[in-house]
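Worksheet for the structure shown next.
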Amino acid sequence: MIESLLVANRGEIACRVFRTCRARGIATVAVHSDADAGALHVREADAAVRLPGAAPADTYLRGDLIVKAALAAGADAVHPGYGFLSENAEFARAVLDAGLVWVGPPPGAIEAMASKTRAKELMAAAGVPLLAPVDPATATGADLPLLLKAAAGGGGRGMRIVRELAQMKGELRAASAEATSAFGDGEVFAEPYVERGRHVEVQILADAHGTVWALGTRDCSLQRRHQKVIEESPAPGLPDELCAVLREAAVVAARAVGYRGAGTVEFLLSPQGRPYFLEMNTRLQVEHPVTEEVFGLDLVALQLAVAEGAALPAEPPPSEGHAVEARLYAEDPAAGWAPQTGRLHTLEVPGTAPGLVPVAAAAAPRLRVDTGYSDGDTIGVHYDALLAKVIVWAPTRAEALRALRHALRRARVHGPGTNRELLVRSLGHPDVTGGRFDTGFYERRLDALTTPVPGERCAAVAAALADAAARTSGDTLPARIGGWRNVAAPAQRKTYGEHEVRYRATRDGFVVEAEEGYEGREGREGGNGDDGDEVRVVAAGPHRVSLEIAGVVRHFDVRAYGDEVHVDTATGAYRLIARPRFSETGHRAPPGSLLAPMPGTVVRLAPGLAEGARVTAGQPLIWLEAMKMEHRVIAPASGTLTALHAAPGRQVEVGTLLAVVTAPDAPDAPDAPDDPHAQDAQEESA
């Protein structure tokens with residue numbers, strides 16, 4: 001029996017495993033990098049061991065240090081989580097050689113499936129349909145498009161689509177570098193890229209006594225940068241015959257390598273419905289909660305039981321209802337999915353239920369949140385941008401989609417920008433509700449899904465009035481004297497972004513003045529305040545403001561964190577930055593500047609890049625690594641590189657000046673100091 005377990009991971013998955021351990025009476029041990037010293041998974045564990053450094057290669061990818069940590073803390077078992085070393089056969093062997101219980105499949109099974117090329121050979125021999133690999137060195141135009149993939153891992157790292165042969169060399173280099181950073185192995189292979197395919201997978205669970213479960217299907221087609229965003233179980237719209245084929249193929253794959261524990265067999269469905277084996281993940285998947293919810297199982301508890309030698313029942317329980325999971329990321333989808341960093345002030349999803357699985361035959365939707373963060377934590381640059389997974393179970397798919405959309409809209413997420421609005425819009429998109437989507441959904445729909453949320457002006461009005469209410473409330477002498485006067489009060493001004501709010505305090509409350517040039521459209525139906533609708537203040541307090549907009553009363557919940565203000569409503573959420581009353585003077589970046597769009601590390605430069613080089617508009621010049629993904633900084637215009645401040649290995653903050661490109665008809669631009677507040681940047685990340 002396992003008495004104490006170390007999780008060789010961090011964040012959400014470590015917290016998830018600890019939750020099951022607590023329920024089963026198992027002591028927990030965390031490991032952490034220096035960047036994670038105060039992280040939630042460290043605070044929740046019974047004991048914690050430091051891994052010196054911050055980069056994954058120095059910490060969570062150091063199997064030798066993790067084994068030493070387990071022995072030092074008195075753990076008798078190791079759970080790898082997902083990512084990092086979870087699919088590393090050498091690490092599994094090191095754990096076993098140290099006399100510890102390995103909560104995962106046998107090293108031989110990991111080894112057989114960890115190399116995607118070897119896995120395909122095994123599946124072909126077992127009769128499982130697959131896409132034949134293509135040698136990048138001999139690929140021709142007839143082979144395109146190709147998908148480059150990391151041989152040692154998944155999660156979208158080390159994946160690139162190649163549509164032109166001229167791109168092959170550069171994309172191979174980028175994919176290999178990203179794979180090395182994420183998994184410690186830079187091997188990359190290529191296979192045909194299927195346009196408009198669906199990503200469908202089967203959760204398996206096997207014991208040491210010959211029983212293999214195939215737990216339904218999951219659809220993970222809604223992806224960005226080859227990383228999943230929304231997942232659901234069962235996969236919608238698949239014929240029963242096809243589901244049976246997928247489950248049988250998954251069982252064949254598991255038996256072919258003598259599998260034990262939890263794993264996932266992934267397939268690509270062509271537009272014609274033909275399945276192809278993609279890979280087998282020899283670990284627990286990020287999206288495992290949707291399977292737990294529809295089957296009423298705790299997969300982590302089953303992993304532990306199998307590791308202790310328990311036998312599974314001959315058949316799994318029947319599935320019931322539908323579950324959908326949305327991954328809440330700290331990122332800006334409209335800016336090339338650029339990761340966002342900073343302090344997470346509040347993360348709250350109303351209606352979250354305790355426990356892991358729904359009550360059997362429940363009639364109402366059930367909400368679950370898995371996260372590795374809590375209020376006040378800092379989102380850094382070193383690891384994945386995942387904030388939380390929000391999961392809903394409901395009797396039907398339509399109910400689950402609606403309930404998840406509602407939960408996300410009502411959530412309070414105060415801090416760096418997130419993809420929350422994208423998730424809300426995605427869950428209500430007709431292609432999603434109708435089950436007509438594929439892996440290219442975001443590539444085609446992103447512009448429409450990332451248009452600004454309407455109603456921002458009224459959110460700014462609410463923020464200004466809440467600020468005024470906070471400053472004029474209380475029993476201090478200045479507040480009491482300032483509460484009334486015989487002379488009409490002058491208009492007060494408060495600016496948030498592009499919105500200047502003018503209001504007056506009267507005996508009857510606050511009055512909002514119209515914007516410049518406003519002529520009035522009293523009584524217009526459906527107004528949101530962005531088009532000059534009449535706005536009347538119904539009530540205003542420090543944290544809640546009610547406004548009547550075009551005849552409809554709407555409520556705004558306001559929280560300020562210094563100059564950063566978050567406004568939550570029933571129809572949208574807004575993150576506003578209060579501008580100072582008087583502009584501050586300071587350095588401005590020269591024209592043609594390339595500023596760092598995010599904090600991160602410069603990992604490489606374009607070949608031959610140096611001051612004096614000629615560059616063309618749109619040319620990738622600098623690659624930054626942030627949150628385990630690479631991001632390109634491209635030339636804003638054609639011209640000459642007149643300044644270069646980036647070098648591989650350099651740590652940069654948002655707004656750091658990386659380079660300057662001077663157009664042919666522009667004067668040479670002088671060097672400028674690094675300025676985190678520099679404006680007029682023309683950088684772009686992709």
Side-chain angles (χ1 to χ4, degrees), residues 116-117 119-120 123-124 128-134 136 139 141-151 153-164 167 171 175 188-203 216-250 253 264-281 285-287 290 324-325 327 337 397 426 429-446 449:
K116 305 301 186 287
T117 50
K120 286 178 177 290
M123 293 304 99
V128 178
L130 50 84
L131 294 167
V134 176
D143 296 315
L144 301 178
L146 289 174
L147 180 64
L148 305 181
K149 302 178 71 175
R157 280 109 182 167
M159 295 182 72
R160 295 289 191 280
I161 299 175
V162 178
R163 298 185 183 277
E164 299 179 11
Q167 300 174 338
E171 296 292 18
V188 174
F189 70 97
E191 65 185 17
Y193 178 68
V194 177
E195 303 278 6
R196 293 182 178 266
R198 284 179 63 182
H199 185 119
V200 177
E201 58 192 33
V202 176
Q203 173 74 56
T217 58
R218 295 192 293 247
D219 193 300
C220 307
S221 301
L222 294 176
Q223 306 176 1
R224 78 349 175 213
R225 299 189 67 173
H226 312 296
Q227 274 195 322
K228 301 157 188 175
V229 176
I230 296 174
E231 306 103 340
E232 58 183 299
S233 182
L238 299 188
D240 291 342
E241 297 81 4
L242 178 57
C243 291
V245 169
L246 297 179
R247 291 194 301 269
E248 179 58 30
T264 298
V265 182
E266 300 189 345
F267 300 91
L268 182 68
L269 297 187
S270 72
Q272 296 75 34
R274 179 174 174 78
Y276 297 98
F277 170 80
L278 284 178
E279 62 189 35
M280 182 175 180
N281 293 142
Q285 295 265 101
V286 181
E287 59 272 20
V290 293
V324 186
E325 172 181 292
R327 301 191 193 185
W337 312 98
R397 181 175 187 265
S426 299
H429 194 282
D431 284 353
V432 174
T433 57
R436 301 181 302 274
F437 53 85
D438 55 68
T439 55
F441 174 80
Y442 285 120
E443 187 176 342
R444 299 189 302 272
R445 308 290 188 190
L446 187 60
L449 292 169

Kindly give the heavy-atom pair with the smallest separation between [X] and [Y], and that separation in Å.
{"X": "A235", "Y": "L238", "result": "CB-CD1, 3.7 Å"}
{"X": "C243", "Y": "T217", "result": "SG-CG2, 4.3 Å"}
{"X": "V202", "Y": "G216", "result": "CG1-O, 3.4 Å"}
{"X": "L148", "Y": "A190", "result": "CD2-CB, 3.7 Å"}

Between atom [atom1] of [X] and atom [atom2] of [Y], what is the distance when rounded to the nearest 0.5 Å?
{"X": "L268", "Y": "F277", "atom1": "CG", "atom2": "CZ", "answer": "12.0 Å"}
{"X": "E171", "Y": "R163", "atom1": "CD", "atom2": "CZ", "answer": "11.0 Å"}
{"X": "R397", "Y": "D219", "atom1": "CZ", "atom2": "CG", "answer": "8.0 Å"}
{"X": "Q223", "Y": "I230", "atom1": "CD", "atom2": "CD1", "answer": "11.5 Å"}

**Study point:** N-O pairing of R327 and E287 below 4.0 Å
**Key:**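 Salt bridge: yes.
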Review point. Between Q285 (side chain) and N281 (backbone), is there a donor-acceptor pair under 3.5 Å?
Key: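 No; judged by distance alone, with no hydrogens or angles, the pair does not exist.
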Exercise for review: Would you confirm whether T264, through its side chain, and Q203, through its main-chain N or O, come within 3.5 Å as a donor-acceptor pair?
Suggested key: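 Checked: no pair found.
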Within a strict 4.5 Å, meaning less than it, do heavy atoms of the [X] and [Y] side chains meet?
{"X": "P430", "Y": "F437", "answer": "no"}
{"X": "L246", "Y": "P275", "answer": "yes"}
{"X": "V432", "Y": "L222", "answer": "yes"}
{"X": "F267", "Y": "L130", "answer": "no"}
{"X": "E232", "Y": "E325", "answer": "no"}
{"X": "V162", "Y": "P145", "answer": "no"}
{"X": "S426", "Y": "Y442", "answer": "yes"}
{"X": "L146", "Y": "I161", "answer": "no"}

Point to revise | H429/F441 under ring-ring contact (aromatic ring centres under 6.0 Å, His included): CA gap, chis, key distance, verdict | key: CA-CA 11 Å; H429 194 282; F441 174 80; 5.3 Å; yes
Check your understanding: What residues form a salt bridge (charged side-chain N to carboxylate O under 4.0 Å, His left out) with R218, not counting sequence neighbours?
Key ->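 Counting only residues at least two positions away or on another chain, R218 forms a salt bridge (charged side-chain N to carboxylate O under 4.0 Å, His left out) with E201.
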**Study point:** From E231, R196, R198, residue fulfilling side chain to side chain contact (heavy atoms under 4.5 Å, CB included) relative to S221
**Key:**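 Only one of E231, R196, R198 forms a side chain to side chain contact (heavy atoms under 4.5 Å, CB included) with S221, namely R198.
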Exercise for review: Test side-chain contact (heavy atoms from CB on, under 4.5 Å) on L278 and K149 and set out the steps.
Suggested key: CA-CA 10 Å; L278 284 178; K149 302 178 71 175; 4.1 Å; yes
Review point. Is there any side-chain hydrogen bond (donor to acceptor under 3.5 Å, both in side chains) pair reaching into residues 432-441, and which pairs are they, with sequence neighbours excluded?
Key: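 Qualifying pairs, neighbours excluded: D438-R444.
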Review point. Yes or no on side-chain contact (heavy atoms from CB on, under 4.5 Å) for R160 and L147, after CA distance, side-chain angles and deciding distance?
Key: CA-CA 6 Å; R160 295 289 191 280; L147 180 64; over 6 Å; no
